[in-house]
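I have a structure I would like to understand better, so I am pasting it below and will then ask my questions one at a time.
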Amino acid sequence: KQWYQRRVRVKARVMKKCDIRTWSNARGEGKLFSMDLMDESGEIRCTGFTESVDKFYNMIEQDKVYFISRCSLKTANKAYSALKNDYEMTINNDTTITLCDDASSVPQVKLNYTNICDLESTANGAFVDVIGVASSISEVQSITARATGKQLMKREVKLQDKSGAAVSLTLWGTEAEKFSTASDAPIISVKAAKVSDFGGRSLSVSFSSTLQINPDNTVAHELRGWYDTVGKDISVKQMSSSQGGGGANMDTPFKTFQEIKQANVQDKPEYFANTATVVFVKKDNCMYQACPSADCNKKVIQESGSEYRCEKCDKVYPDFKYRLMLTVKLSDFTGSDWVTCFQDSAEKMLGITAAELGNLKDNDEAGFDKAMNKLNFATNTFKVRAKMDTYMDETRLKCTALSVDTVDCVSQSKRLLEEIRSLEA
C-alpha cells in the first residue's frame, strides 16, 4: 500500500545514488534507480521508475542536498535495503526535486565503524560500517553465476585496520570495474558492507552499500598515518580463510602439493594457492566444440557439415565455439599433481584465445604444437580447488585451477619472510 504525500517536502542529503537498473518480464520492461537520503532525523530510500529515471537521474549528484516533494510513501522492503527506516519513498509523475543552495543545516553522513577484528563475532548477513587500508587489490575477474548463468564482474580488496586484522571485501559489477587502482594502498570506507561467515569472515559491497575511496575524515587520516609508518610492516590476522566470499579469494593460503595430499581432503573442497611450474601438457582433448549461445557452454553434436545440435538448448546452430579444458601437470619443490584449467585460466596461460587455438588446431598443426609447447616450464601462481572425485569406482584427488597469475615477486618475498618469522617465534 502507498500513501501519496502531496503537502510534504523534505530537505535531504543524497548519501548514495545507485546505478540505473533494468527489468523485463511478462508484464513488460522498464528501468529504475534508487537514492539513499538523510537529514537530521534519519535516513530513507527513494526510488524512481522509467520516466523518473529520464527526468531526474542525471541532475542528482551524490552528497548534494535537495528539496523533494510530492512523493508516495510505502512500507520498505528490507530484503533490498539496510537503511534504518520502515518506509521508503517513490517518485511520482508530479514529484519535484530542486537543488538546495544552503546545505549547512543537513548533517554529513555519519558512520559507526566496526573494527575488523570484531567481525569474528558479527552475525552472518549483518550490515556494518567499516574502514581500512586496501593493502592488496585483485584484478577484475569474470565469473559465471550458477543460478542464472550470467557473467558477473568481481574484484577483491584486502582491508586492514589498526585492530591487527584483515578481511576480504568483494566488489561486484560496475563497482568492481570502475574501482581505481591508481592510488597505492588507498583508504576504503564502506557504509553497510554485508558480512558473510562462509569460510571465516568476509565482506561484500551490496546494493545497499556506499563505498568511498580516501574519504576526508579524521579516522581516514589517522589510518593513513598509522599504515605508512607502522601498519604496512606488521603481520595481521586473516579473517577471511580459504573459502571466504564463495570460493578461493586473495587470502587463499599457500600450500604445497605435499601438504594438500596430507590434508585428507574429502567431500568438502580445499582451496589453496601454489606457485608451480608446468612440467607436462596433455594436448589430446584440451578443447571441445561448445554451444555458441552466450549462456551455454555445453558440448554440441555435429549432425552435418554445418549443423551442430545443443541438447541442453534443444537447438541446431550453423556454428560452434571452442571451449578450453586444458590438463597440465604442475610441480613445486615437494611434488606434483594434475590440474585442470578451464577457459579463462587456460587462455591466460596460453596467451591466445580458445578461438585462435582452435583455428590453429584445425588449420596449422605445427602452429598448434608450438602454442602448446610454450606452456612447458612456465611458472605461475595458481589458485586451486582440490576435491575428492569418484570416476569408474576409482576415487582420486581432483584439482581445478580457479585463477592463474604471473608470479608477484614482492608479495612472494613478503610471504616467505612472514613464514620465516613464524618459525622463529
Side-chain angles (χ1 to χ4, degrees), residues 15-16 36 38 42-43 81-84 107-138 154-172 175-176 179 183-246 249-253 411 414-415 418 421-422 425:
M15 294 191 297
K16 178 180 181 180
D36 295 340
M38 67 165 292
E43 52 193 25
S81 175
L83 299 183
K84 298 175 182 178
Q108 296 287 336
V109 178
K110 293 182 179 179
L111 300 177
N112 183 23
Y113 291 124
T114 297
N115 288 331
I116 291 176
C117 69
D118 293 334
L119 294 175
E120 200 164 26
S121 58
T122 305
N124 179 44
F127 291 90
V128 297
D129 300 338
V130 67
I131 188 170
V133 183
S135 55
S136 62
I137 304 169
S138 76
K154 65 175 287 190
R155 185 194 296 269
E156 292 191 19
V157 178
K158 184 196 290 184
L159 287 187
Q160 175 183 340
D161 69 3
K162 293 197 286 185
S163 69
V167 68
S168 178
L169 172 72
T170 303
L171 313 181
W172 296 97
E175 198 92 63
F179 187 87
S183 177
D184 183 31
I187 306 295
I188 306 296
S189 170
V190 184
K191 176 179 171 60
K194 190 172 184 179
V195 179
S196 171
D197 65 355
F198 184 62
R201 282 294 185 273
S202 58
L203 300 173
S204 62
V205 174
S206 70
F207 184 71
S208 299
S209 307
T210 304
L211 181 145
Q212 289 181 293
I213 301 175
N214 293 322
D216 186 13
N217 62 44
T218 303
V219 178
H221 296 321
E222 290 178 353
L223 194 58
R224 173 85 281 154
W226 167 81
Y227 183 79
D228 289 345
T229 55
V230 179
K232 63 184 179 182
D233 297 319
I234 68 171
S235 298
V236 295
K237 179 181 179 181
Q238 301 294 342
M239 306 298 293
S240 306
S241 67
S242 61
Q243 295 173 346
N249 61 24
M250 58 197 304
D251 292 321
T252 303
S411 297
K414 287 182 178 179
R415 178 179 61 82
E418 286 186 9
R421 293 190 190 104
S422 67

By side chain to side chain contact (heavy atoms under 4.5 Å, CB included), Ser206 pairs with (sequence neighbours left out) Phe127, Ser208, Ser209
Enter the distance from Asp129:CG to Ser189:OG here, rounded to the nearest 0.5 Å. 7.5 Å
Go through Leu211 and Val190 one step at a time and tell me if the side chain to side chain contact (heavy atoms under 4.5 Å, CB included) criterion holds. CA-CA 4 Å; Leu211 181 145; Val190 184; 4.2 Å; yes
Are side-chain heavy atoms of Met15 and Leu83 found at a separation under 4.5 Å? yes
Are Lys191 and Lys16 side-chain neighbours, meaning at least one heavy-atom pair lies under 4.5 Å? no
For Lys194, look at atom NZ and say whether over 12 heavy atoms of other residues, nucleotides or ligands are found less than 6.0 Å away. no
Under 3.5 Å, is there a donor-acceptor pair linking the side chains of Tyr227 and Ser135? no
Could you tell me which residues satisfy side chain to side chain contact (heavy atoms under 4.5 Å, CB included) with Ser163, sequence neighbours excluded, listed by chain and number? Asn115, Ile116, Cys117, Asp161, Ala165
Taking atom NZ of Lys162 and atom CD1 of Ile131, what is their separation to the nearest 0.5 Å? 10.0 Å
When Leu159, Leu203, Val167 are each screened for side-chain contact (heavy atoms from CB on, under 4.5 Å) with Met239, the one that passes is Val167
Could you check Leu111 against Asn217 for side chain to side chain contact (heavy atoms under 4.5 Å, CB included), going step by step and ending with a plain yes or no? CA-CA 11 Å; Leu111 300 177; Asn217 62 44; 5.7 Å; no
Atom pair CD (Gln238) and NZ (Lys158), whose distance is rounded to the nearest 0.5 Å: 4.5 Å
Nearest 0.5 Å, what's the CD-CG distance between Glu156 and Leu171? 9.0 Å
Drop me the distance from Arg201's CZ to Glu120's CD, to the nearest 0.5 angstrom. 7.5 Å
Stepwise, does the side chain to side chain contact (heavy atoms under 4.5 Å, CB included) test hold for Ser138 with Val157? CA-CA 6 Å; Ser138 76; Val157 178; over 6 Å; no
Would you say Asp216 and His221 make side-chain contact, with heavy atoms under 4.5 Å? yes
Is it true that a side-chain atom of Glu43 and a backbone atom of Lys84 form a donor plus acceptor pair closer than 3.5 Å? yes
Would you confirm whether Glu175, through its side chain, and Val205, through its main-chain N or O, come within 3.5 Å as a donor-acceptor pair? no
Taken to the nearest 0.5 Å, the spacing of Trp226 CH2 from Lys232 NZ works out to 11.5 Å
For residues Val130 and Thr114, report the shortest heavy-atom separation together with the two atoms involved. CG2-O, 3.9 Å
Passes side chain to side chain contact (heavy atoms under 4.5 Å, CB included), Ile213 versus Ile188? Steps please. CA-CA 5 Å; Ile213 301 175; Ile188 306 296; 4.0 Å; yes
